[in-house]
Amino acid sequence: MRACVDIGGTKLAVSLARRGADGRPALLATQREATVREGPPEALAAQVLRLIDAACAQAGVQRAALAGVGVASAGPFGADAQGALGLVTPNLCGGLSGGQTGLPNDWRFLPLQAPLRAALPQTVALRVENDAIAALEAERRWGALQGLSHCAYVTWSTGVGTGLCVDGHVLRGKHGNAGHAGHQVVNDDESTVCGCGNRGDVEAQVAGGAMARRFGREAAALFAAARAGEAAARSQVEGLCTVMGRMLYNLVVTLDLQGIALGGGVFWPHRDWLLPRLQAEIDARFPALTAGVRLCAAGLGEQVGSFAAAALVWDDRGA
């Protein structure tokens, strides 16, 4: 049995997984809460451990009996003085933007790897990765990116994250932050403020957390109005697609990708409407580099986060 921890800017979910009849993880005993945003910086790790224990109690197992704990978390990551990973996540750490995004804390770094390692028996494997990198591993193993050696996974949710694979190798970088394309600065729009403090980056303009600040409506309400034909909402959503589509194009031409799978809380409910618009941004530019590149919805659907965490501590022999 393995614990699968999915930490997002809005919700935190923990599932247990065991080997299913098809060899893939079979998920059970899911616990889910809003991600903590108040208290001391150690509150996030404490919440993770509490939900692991709740899932174990639901399944009738002990924490010490787990084979591993995979943690797929929204990034970016930083490191403490001992090199252990923690979070410098703009959608959780209010101190990064100087309070401009309304988060009820002044956090700048959330310890994660060290407190989890200290609380888990040494017999329990622990792996912490960026959630988009973990989702990329899961989609290449069990989902829509199987068989592709040059690909990406993009989550469009509270934030914007990317996992990248080139020549069959997943890119990680010095702190596991490779793929934070959401923090590419794409214009000088001073009215769009990202949780990281940037103005004019992709996440500041298209992320779920930015829509209420920009347009006065949450993502679900904005997309519903656009689908209903409201002119202002449709124009706003088309603008979002332009920014996101250009980011995807930049990934394709920079890394010579074959395909990109997309998921996340903003994208998934509206995937049928968004995919053709995003694909058009790819197809409209430089066919020598974009011909044949396809965008697709995540093959693991709304469970991609749990499968992502499972992929971090899964081997094909299973448990």
Side-chain angles (χ1 to χ4, degrees), residues 72 74-77 88-90 129-141 143-157 159-189 192 194 196-207 210 238-264 266-267 271 274-299 304 308:
F77 293 118
V88 286
T89 304
E129 288 276 10
N130 178 274
D131 56 355
I133 289 176
L136 171 71
E137 291 195 15
E139 285 290 318
R140 292 187 71 220
R141 196 166 189 174
L145 299 176
Q146 292 180 76
L148 299 187
S149 297
H150 319 282
C151 56
Y153 174 83
V154 173
T155 180
W156 185 358
S157 192
V160 176
T162 305
L164 305 171
C165 178
V166 179
D167 296 332
H169 300 291
V170 175
L171 307 183
R172 289 188 171 81
K174 63 184 184 296
H175 290 315
N177 289 326
H180 272 88
H183 296 292
Q184 294 177 1
V185 176
V186 291
N187 58 38
D188 295 322
D189 187 344
T192 59
C194 181
C196 71
N198 280 343
R199 293 178 181 271
D201 69 9
V202 173
E203 191 164 299
Q205 298 185 60
V206 309
E238 294 292 349
L240 299 177
C241 290
T242 297
V243 172
M244 176 60 83
R246 288 177 179 175
M247 186 198 85
L248 298 175
Y249 167 81
N250 289 339
L251 292 177
V252 168
V253 298
T254 301
L255 299 172
D256 200 15
L257 300 180
Q258 298 164 286
I260 300 175
L262 294 101
V266 170
F267 173 81
R271 59 194 181 280
L274 289 171
L275 266 177
R277 288 166 169 80
L278 297 174
Q279 185 70 54
E281 292 288 336
I282 303 292
D283 295 341
R285 295 179 171 84
F286 206 178
L289 294 177
T290 61
V293 176
R294 305 310 300 169
L295 306 181
C296 64
V304 65

Scanning both residues in full, the closest heavy-atom pair of Val252 with Ile260 reads CG2-CD1, 3.9 Å
Which atom pair, heavy atoms only, marks the closest approach of Ser149 to Cys165? O-SG, 3.5 Å
Report yes or no: does Glu139 contribute a side-chain atom to a donor-acceptor pair with the main-chain N or O of Leu136 at less than 3.5 Å? no
Taking only residues at least two apart or on different chains, which pairs with a member in residues 277-289 satisfy side chain to side chain donor-acceptor pair (under 3.5 Å)? Glu238-Arg277, Gln279-Asp283, Glu281-Arg285
Atom pairs and distances, side-chain donor-acceptor, residues 243-250, under 3.5 Å, sequence neighbours left out:
from: Asn250; atom 1: ND2; to: Arg246; atom 2: O; distance (Å): 3.3

Can you see which heavy atom on Ala297 is nearest to which on Ala144, and at what distance? O-CB, 3.8 Å
In sequence, state the C-alpha distance, the side-chain angles, and the governing distance for Asp167 and His150, and then conclude on side chain to side chain contact (heavy atoms under 4.5 Å, CB included). CA-CA 6 Å; Asp167 296 332; His150 319 282; 3.1 Å; yes
Return yes if some donor-acceptor pair links the side-chain N/O of Arg172 with the main-chain N/O of Ala178 below 3.5 Å, else return no. no
Shortest non-hydrogen contact between Ala72 and Ala134, atoms and distance: CB-CB, 3.8 Å
Suppose we screen for salt bridge (charged side-chain N to carboxylate O under 4.0 Å, His left out). Which residues come up paired with Glu203, at least two apart in sequence or across chains? none
Let's go through Leu262 and Leu278 carefully: what are the C-alpha distance in whole Å and the side-chain angles of both, what is the deciding distance for side chain to side chain contact (heavy atoms under 4.5 Å, CB included) to 0.1 Å, and is it a yes or a no? CA-CA 11 Å; Leu262 294 101; Leu278 297 174; 4.1 Å; yes
Could you tell me whether a side-chain N or O of Asn177 sits under 3.5 Å from a main-chain N or O of Phe77, the two making a donor and an acceptor? yes
Do you know which two heavy atoms are closest between Asp201 and Gly182, and how far apart they sit? CG-O, 3.8 Å
Which is it for Leu251 and Val154 under the side chain to side chain contact (heavy atoms under 4.5 Å, CB included) test, yes or no, and what are the steps along the way? CA-CA 10 Å; Leu251 292 177; Val154 173; 4.3 Å; yes
Tell me whether Thr192 contacts the main-chain N or O of Ala204 through its side chain, where contact means a donor paired with an acceptor under 3.5 Å. no
Can you find a heavy atom in the side chain of His175 that is under 4.5 Å from one in the side chain of Pro76? no
Hey, does the side chain of Gln205 reach the backbone of Gly200 with a donor-acceptor pair shorter than 3.5 angstrom? yes
Closest non-hydrogen atom pair between Cys151 and Leu257, with its separation: N-CD2, 3.6 Å
